[in-house]
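Everything numeric in this text was worked out from a predicted model, so none of it was measured. Counting starts at 1 for both ligands and their atoms, following the listed order.
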Amino acid sequence: MLDTPRFTEITPTADIRGDRHGKRAKCLQRLVRMDLPVPQTVALPFDTVREIAEGALPDLSTLIGIFDGEPRLLSVRSSSETPDWGGPGAVLNIGMNDAAHAWLSNTLGDRVADALYLRFIRSYAIEVMRLDEAPFDTATTPLEARTVFEEEMDEPFPQDIATQLGAVLRAMARAWEGTSARLLRQAQGAPADAGLGLVVQRMAQGMGPGQSGSGVVQFVDPQTGAPQVTGRYLGQAMGRDAIRQPDKAMFLTRDPRGPSLEELLPEVYAELLEVGARCRTRLREEMQVEFTIDQGRLAVLDAVRCPRDARADVAIVTALARDGIIPRAEAVSRIAPAALARLLHRQIDPDARRDVIASGVAASPGAASGKLVFDPAAAQASLSRDEPCILVRRETTPDDVRGMHAADGILTERGGTTSHAAVIARGLGLPCVTGATGLRISDRARTVTLPGGAILREGDEITIDGSSGEVMRGTVPTREPALDDSFRDLMAWSDAIRDIGVRANADTLADATLARGFGVDGIGLCRTEHMFFDPARLTVMREMIFAEGPEDRAAALERLLPMQRADFTDLFRLMDGLPVCIRLLDPPLHEFLPGEGEGTRALAAALDRPLSEVKSRISAMQEYNPMLGMRGVRLGIAVPEIYEMQARAIFEATATVQSEGTPIVPEIMIPLVTARREVELVRRRIEGIAAAVRHETGVAFEFKLGVMVETPRAALRAGEIAETSAFLSFGTNDLTQMTYGLSRDDAGRFMSAYVNEGVYPEDPFGTLDVDGVGELLLLGAARGRQVRPDITISLCGEHGGNPESIAFCRLAGFDYVSCSPFRVPVAKLAAAQATLLASDPAK
Ligand code: PEP
Ligand code: MG
């Protein structure tokens, strides 16, 4: 064994490490240790590859000297720390030159020798020297290809293996440092300084006399994860030829559609099955194995984690745990929360009417509806307004990645299943349709012209189905994904591990039903304003807003009361005793009023008042900055009857559900608090209502009153606020907005530039800013607990579904996080992973 600091031969005892040499190198060492027939291999660590990119090659003659055999032909493959981070493609048959060609002609025949030489010259020219592919298309012999090479390069084709290997190593090392490779892997979670390892391996030829060929095998279905031998074998072929030419390749298992390896070489087939089974138990993973058969003898060239869809990943990992190969905790830690999110995709309701306006390539599964946006900044602006959007581009580039993160779906005019948009969208779990060629997109006019000539404009709603490639007009109803036993096992194991609660933000029965289906611990935020936007209620709400005096207002509230009571009764029944936290009305009242035009006239008619009066009342209610104006508890104090009506509705619903036998202690949350006195004022009135309802119904119920900490002052004064609050729930959407002095609705305009320039590491509305907003959370929680040690502390902003933010909350000792229902499984998994990490920080 030769071991120098710059490269290491892979032997059973060599010091090969995944975090230094990459996953592939480590995996090859495991195969060597399992005594599998792996050709001689040398690993180059990250540092060496970095130096190569900078121009310093290692001692190549020593490296090449490690390999024996005649002729000396080598391959180079990339070996990144995590396979998802990608890496440049393999280069095979390094060392092919005139001498090797002559040797191969004598031993394997001219045909094989010519094919290998031709192929190497092409790949060296195109992949290593970056020459254009087109001139080589007409070269059918090594001589012709050499001539093209020499014309294009103005130098002879290199005959020296060290020159060839040096050029290959340099090209691969530099490809890794390129901007698009970096952005692509960063989108998969790679750190900025992620390293690349390379492995140099002696070629085991799949070309020659007798039964020679190459193939790829895996032992599970890549879509479902169910056990099944899949793959192909191709005679007289190398590398992944069998996969690239499926029409020429043969099946592995017996198949009525054609010949199979099982029939052709039953012993080799049996050996392959044995390799798969041993890999599964020893490597504790389902592997995809690349092999060659060299004159009837099996060689295992490489094994990588079997590529798979999110659904298959969950099925494979949970099966490994059920078979006792890995512990359940490991299964939980292996699934990336983002991959789980992919499982949760909505599908178009098969019974829904579809107005299909175009179709393209089904590039990433799931259905999404949203408003058309034409650039990444607009997508980010939509996200900050909480408005679903579909990002439409002619084709995407790395500059679009941040906008893609913000969008709900991607539609491109060009591209296919492996175009940039498709690859990134799949990585992000976003529905995506590419190559919708019938569309004409004008970025300048912000329009999409449909095949028939009709025009869609920015803001128009469309639906895309990334599973079928269809693009539809409007919002098409969808069905929730079918979640199988593997998913349920994963959730149950996560629940058993996690030590922080996960609740859902649910405003409607539909949200709450979905959340219960995901096994949530309760509702952490019910935004009651959404209950008033129903058209029937909106009119009554507007009557209340326009009331002349207390009597009129009371009459309108009297009509709203039974509606709210029914809302809460249904919600409590559905949640069946699980905690439900209801936030009292938060937005400024003018949000319930129409803007200019038709709506104002209709309102005047509905209220039977002169249009001029309606207009002047609306304009009197306008605020310069409504986010910081008359909303939340300020409204609750200025117009106390609204909160009183809501409290009554909550308590009457509580009394009803409790008398049906379901214990319920409703949690009432006051928004936008800045001072203790606000809480005291609201508490006094609410306690009065509770006493009245107890008296009227004869039901003795309890309730909890708490505060939404979403202003910096509330966080700073959490100590005194806690004196009169049963819980503090951090509303990190507003808290982020106010801490940064940055409007949620306008942040998208410059957020990409800010993140690209490194001003902020991430969009703070997506991932909690642990340094600034996080400090307010820690401070508020500590001050609250100091006064009231048993106070419940939680987070209910959008960050509640973000894995890093969940880890922060767990570390800070929060009782629970609350997020939108669809993010609940991701949050549960992330919470379990954070718990596991804390119990084994070495991981
Ligand atoms: C918040 O501000 O974090 C919050 C959850 O409330 P909303 O998004 O309704 O303002
Ligand atoms: Mg808020």
Give the numbers and elements of all ligand 1 atoms closer than 4.0 Å to a heavy atom of [X].
X      : value
Met708 : 1 (C), 4 (C), 5 (C), 6 (O)
Cys796 : 5 (C)
Gly797 : 3 (O), 5 (C)
Thr732 : 3 (O)
Arg527 : 4 (C), 5 (C), 6 (O), 7 (P), 8 (O), 9 (O)

Legend entry - Per-residue contact class, Arg583 against ligand 1 - non-hydrogen pairs under 4.0 Å: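 Only the side chain of Arg583 comes within reach of ligand 1.
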
Check: Which part of Leu735 is near ligand 1, with near meaning a heavy atom under 4.0 Å away: side chain, backbone, both or neither?
Finding: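 No part of Leu735 comes within reach of ligand 1.
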
Handout entry: Nitrogen or oxygen of Gly731 less than 3.5 angstrom from that of ligand 1
Key =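 Yes: some nitrogen or oxygen of Gly731 is under 3.5 Å from one in ligand 1.
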
Looking only at distance, does Arg631 have an N or O less than 3.5 Å from an N or O of ligand 1?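 Checking ligand 1 against Arg631, no N or O pair falls under 3.5 Å apart.
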
| Looking at Asp734, which of its N, O or S atoms is the nearest one to the Mg ion (ligand 2)? |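 For Asp734, the N/O/S atom sitting closest to the Mg ion (ligand 2) is OD2.
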
Exercise for the section: Restricting to N/O/S, name the atom of Glu710 that gets closest to the Mg ion (ligand 2). Expected result: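 This residue's closest N, O or S atom turns out to be OE1.
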
Just checking: Asp586, one of its N/O/S atoms, less than 2.8 Å away from the Mg ion (ligand 2), yes or no?
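Looking at Asp586, which is the residue asked about, there is no N, O or S atom under 2.8 Å from the Mg ion (ligand 2).
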
